[in-house]
Protein chains: 2
Amino acid sequence: MKGKATSFDIAYEAGVSQSTVSRALRHSPLVSEETRKKIQEIAKKLNYTVDKNASSLRSQTSTTLALLLFEDPTSDDSLVNPFFLSMLGSITRECGLMGYDLLVSFQELNTDWHSVFKDSNKADGLILLGYGDYTDYESKLRELVDHGTPFVRWGAATESIETTSIGCDNNHGSQQITEHLIKLGRKSFAFVGNAGDGSPEFMARYQGHCESLKKAGIDVNTELQADAGNTAEEAYDATITLLDKNIPFDAVVAASDVIALGVLNALKTRGLTVPDDVSLVGFDDIPMASYMSPSLTTCRQDSAMAGQLLVDKLVELIKGEPVSNAFIKTKLIVRESCGAKA
Amino acid sequence: MKGKATSFDIAYEAGVSQSTVSRALRHSPLVSEETRKKIQEIAKKLNYTVDKNASSLRSQTSTTLALLLFEDPTSDDSLVNPFFLSMLGSITRECGLMGYDLLVSFQELNTDWHSVFKDSNKADGLILLGYGDYTDYESKLRELVDHGTPFVRWGAATESIETTSIGCDNNHGSQQITEHLIKLGRKSFAFVGNAGDGSPEFMARYQGHCESLKKAGIDVNTELQADAGNTAEEAYDATITLLDKNIPFDAVVAASDVIALGVLNALKTRGLTVPDDVSLVGFDDIPMASYMSPSLTTCRQDSAMAGQLLVDKLVELIKGEPVSNAFIKTKLIVRESCGAKA
DNA sequence: CTGAAAGCGCTTACAG
DNA sequence: CTGAAAGCGCTTACAG
């Protein structure tokens, strides 16, 4: 036997046809128990593995998913959003369980996803993860929809386009966390994070935040909302600008944990102590949150569940089954930065 | 045109043979400039993409690399080593530049890597990232070598087996950092991290650490070395045990930043202040290091360079070129935890 | 520089 | 339950 074993080699050794080998290995009910066992033994002995390319070419299905992760190409490109990274583990695991391979690509905003991944038969479907400017993003989504490419995405469900989205209830999560601060007696709130159509998730968090304030009879001061993308640097700058306005506040709601990191540094720089002078809360519960000092009160999104749902829903879509959007639960995680223990 | 366009569709429109289309699209010098241009235009018009499976099957090469990331399946499986995650960005980017796709799989220690990825023609080569017990790992490496599967790995070059490894000079990096502490006047050192054959990288760091101590005429007290795998939890427990020995020390060298995180929490729990009571240093410079409180003095490994080298070397191996091991540079990053500013 | 033809290793109707 | 045969969409000798 030179080179890799093929199904013909197995057929020869087993004294059956190549078709039967193929059937046996795919657990076709058409093959007798006895024949199957013999074939499986020989396959094992020869270290045989089905050729992925031949199988995919013939059956026109790759049993591969592509994960596209993209963010605004800011500053340090090695700093991928930690929240997405924690989803990566559960996505790969669920792919394994479902029998799919996972192709990963970062920052591919500029290519034609459909033709690169679907037309070339590299992947049967796409998982999209990305913060970043939603405006650019939406036109790409529309292309995918127009081509009929199966895909799921992490993010807020939007009315403007028919997609399968997995996300958390950002509005509700933000209310949980704002209400917690209100209970602790905080009176004037700043919000750091983009609040515009370009960032639907942050926008939803801002809206939830405002709703909670209104319910509690607290005025929303739009002067205390500062735009920032999802980086510590932008958040730092935004917070400094905010502080320079000299409008007093005793709590900052950050649109994400990464933003909270920048806010915290800015506050420290200006000699403000968290939580004594200012309470601070984030969103996501990235691994770093519990190690910050003070540790960060935040809203946890179940990233393991998120990854699993993304894969499962995509596989259903690929199989042509009807698929609905799904929300994952949010959970308030109380740590030191909110001042709960003060 | 129903369904996807094929090279035959293009050939028909261009009035040439399918062979010529294939050559033109692969930039064969055999095709005239004029013909190539015409073909490229039509291909673009039809949104044509070469079918990956057909191309790979025919040419017996997948232009895909597989990244296998594995760690001891400890506690929370979503907490992948942050250092590897920061390499992931540069690996995907370099793959893109080199024209390779990237298949990602976690925790696949139990399967036969060779047949799953190479025999099945899913990938032309393997990139291996993993801390964890080296003993299990080594037998897997030997299988790959025996099969002639191209692969590169992150880690210390070892004499026991002939592999292409990319790593940093752990011994040297550890010396840089220990010498820094010595210069600051620290006298008695603890080391937290496995120092055994199962963890060659941590072992090298421990050895470098000890060499620096000896050079400075400081006795190495093996009672102050505490084993811990690469998790904050293990490090926390190890540190508590260490403190319970009641042997005084004024500096802790952690085998990694993640370990330093656990050490710091344990010290805080016991009422010790870093760096006033005890200096603390880590290794890796994970993103979290600069946000810890106090921020962590550590030894940076250039993860971007590491990812790039892993991909480049693997591609050379696949092409059958001779490939040597490579070291990436380490750099001492001084922050607050060592007490440099005290 | 171009074309006709073989064949990569499977899966799956079709026929028995 | 099994086999003979076609064909997925390319790449690449071979011949001109």
Side-chain angles (χ1 to χ4, degrees), chain A residues 1-40 42-43 46-64 99 101 115 118-122 124, chain B residues 1-40 42-43 46-64 99 101 115 118-122 124:
Chain A
M1 189 90 45
K2 62 275 167 202
K4 273 191 291 280
T6 71
S7 52
F8 283 94
D9 298 321
I10 297 176
Y12 178 82
E13 274 223 30
V16 296
S17 74
Q18 181 270 337
S19 327
T20 300
V21 171
S22 178
R23 289 193 192 97
L25 264 18
R26 319 192 79 241
H27 298 94
S28 159
L30 292 175
V31 178
S32 77
E33 183 70 13
E34 190 192 4
T35 312
R36 187 202 330 284
K37 272 192 183 157
K38 184 166 57 175
I39 289 174
Q40 283 171 334
I42 297 174
L46 299 183
N47 272 315
Y48 173 77
T49 318
V50 175
D51 185 286
K52 175 81 179 298
N53 300 125
S55 151
S56 296
L57 172 60
R58 181 53 236 250
S59 62
Q60 292 294 327
T61 155
S62 65
T63 49
T64 299
D101 288 320
S115 70
K118 189 63 173 70
D119 264 354
S120 67
N121 279 327
K122 286 180 185 175
D124 298 336
Chain B
M1 188 90 44
K2 62 277 169 199
K4 272 192 293 283
T6 71
S7 52
F8 283 95
D9 298 322
I10 297 176
Y12 178 81
E13 274 224 28
V16 297
S17 74
Q18 181 268 337
S19 327
T20 300
V21 171
S22 177
R23 289 194 191 97
L25 263 19
R26 319 192 80 241
H27 297 93
S28 160
L30 291 174
V31 178
S32 77
E33 183 70 16
E34 191 192 4
T35 313
R36 187 202 330 285
K37 273 193 181 156
K38 185 167 58 177
I39 289 172
Q40 284 172 333
I42 297 173
L46 299 183
N47 273 315
Y48 173 76
T49 317
V50 174
D51 184 286
K52 175 79 179 298
N53 299 126
S55 152
S56 296
L57 172 60
R58 179 54 235 247
S59 61
Q60 291 294 327
T61 155
S62 65
T63 50
T64 299
D101 288 320
S115 70
K118 188 64 174 69
D119 265 354
S120 67
N121 279 327
K122 285 181 184 174
D124 298 334

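A note on names: the letters A, B, ... follow the listed sequences, proteins ahead of strands, and every chain is numbered from 1. Being a predicted model, the structure only gives us computed values, none of them experimental.
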Contact class for B:T35 (heavy atom, under 4.0 Å): base, sugar-phosphate, or nothing? sugar-phosphate
note: A:K122, atom NZ; D:dG9, atom C1'; distance rounded to Å ~ 16 Å
For a quick test of reading the model: is some side-chain N or O of B:S32 closer than 4.0 Å to OP1 or OP2 of C:dC1? no
In terms of side-chain geometry, is the basic nitrogen of B:K4 or B:D51 positioned less than 4.0 Å from the acidic oxygen of its partner? no
For the side chain of B:R58 and the base of C:dG9, is some donor closer than 3.5 Å to an acceptor across the two? no
Taking the minimum atom-to-atom distance to the side chain of A:Q60, which one of D:dC1, C:dC10, D:dG9 wins? D:dG9
Can you tell me how far P of C:dT11 sits from CZ of A:R26, to the nearest Å? 5 Å
Contact under 4.0 Å: B:Y48 side-chain N or O vs D:dG9 OP1/OP2: no
What's the closest nucleotide to the side chain of A:S55 if the choices are C:dC8, D:dC10, C:dT11? C:dT11
Using side-chain heavy atoms (C-beta onward) and a distance below 4.5 Å, is B:K122 in contact with A:T64? no
Which heavy atom of B:E13 sits nearest a heavy atom of B:L46, and at what distance? OE2-CD2, 3.9 Å
Do A:D9 and A:Y48 have side-chain heavy atoms sitting under 4.5 Å apart? no
A:T20 side chain N/O closer than 4.0 Å to the phosphate oxygens (OP1, OP2) of D:dG3? yes
d(CG, A:N53; P, C:dT11) in whole Å: 12 Å
Contact class for B:S19 vs. all strands (heavy atom < 4.0 Å): base, sugar-phosphate, or nothing? base
Rounded to the nearest Å, what distance is computed from the CG atom of residue A:N121 to the P atom of nucleotide D:dG9? 8 Å
What's the closest nucleotide to the side chain of A:Q18 if the choices are C:dT11, C:dT2, D:dT2? C:dT11
Value for NZ (B:K52) from CG (A:D119), rounded to nearest 0.5 Å, stands at 14.5 Å
With a 4.0 Å cutoff (strictly under), does any side-chain N or O of A:R23 reach OP1 or OP2 of D:dG3? no
Please report, rounded to the nearest Å, how far the P atom of C:dT12 is from the CG atom of A:L57. 12 Å
Rounded distance in Å - CG (B:L25) to P (D:dC10): 9 Å
Rounded distance in Å - CG (B:L30) to P (D:dA15): 16 Å
Among the candidates D:dA4, C:dT2, C:dC8, find the nucleotide nearest to the side-chain atoms of A:S17. D:dA4
Give, for atom CG of B:L57 and atom CZ of A:R58, the distance between the pair rounded to the nearest 0.5 Å. 12.5 Å
Any strand is fair game: report the nucleotide pairing with D:dC14 by Watson-Crick or G-U wobble, both distances under 3.5 Å, or none. C:dG3
Whole-Å gap separating P (D:dG7) and CG (B:D51): 17 Å
So does A:S22 get a side-chain nitrogen or oxygen closer than 4.0 Å to the phosphate oxygens (OP1/OP2) of C:dT11? yes
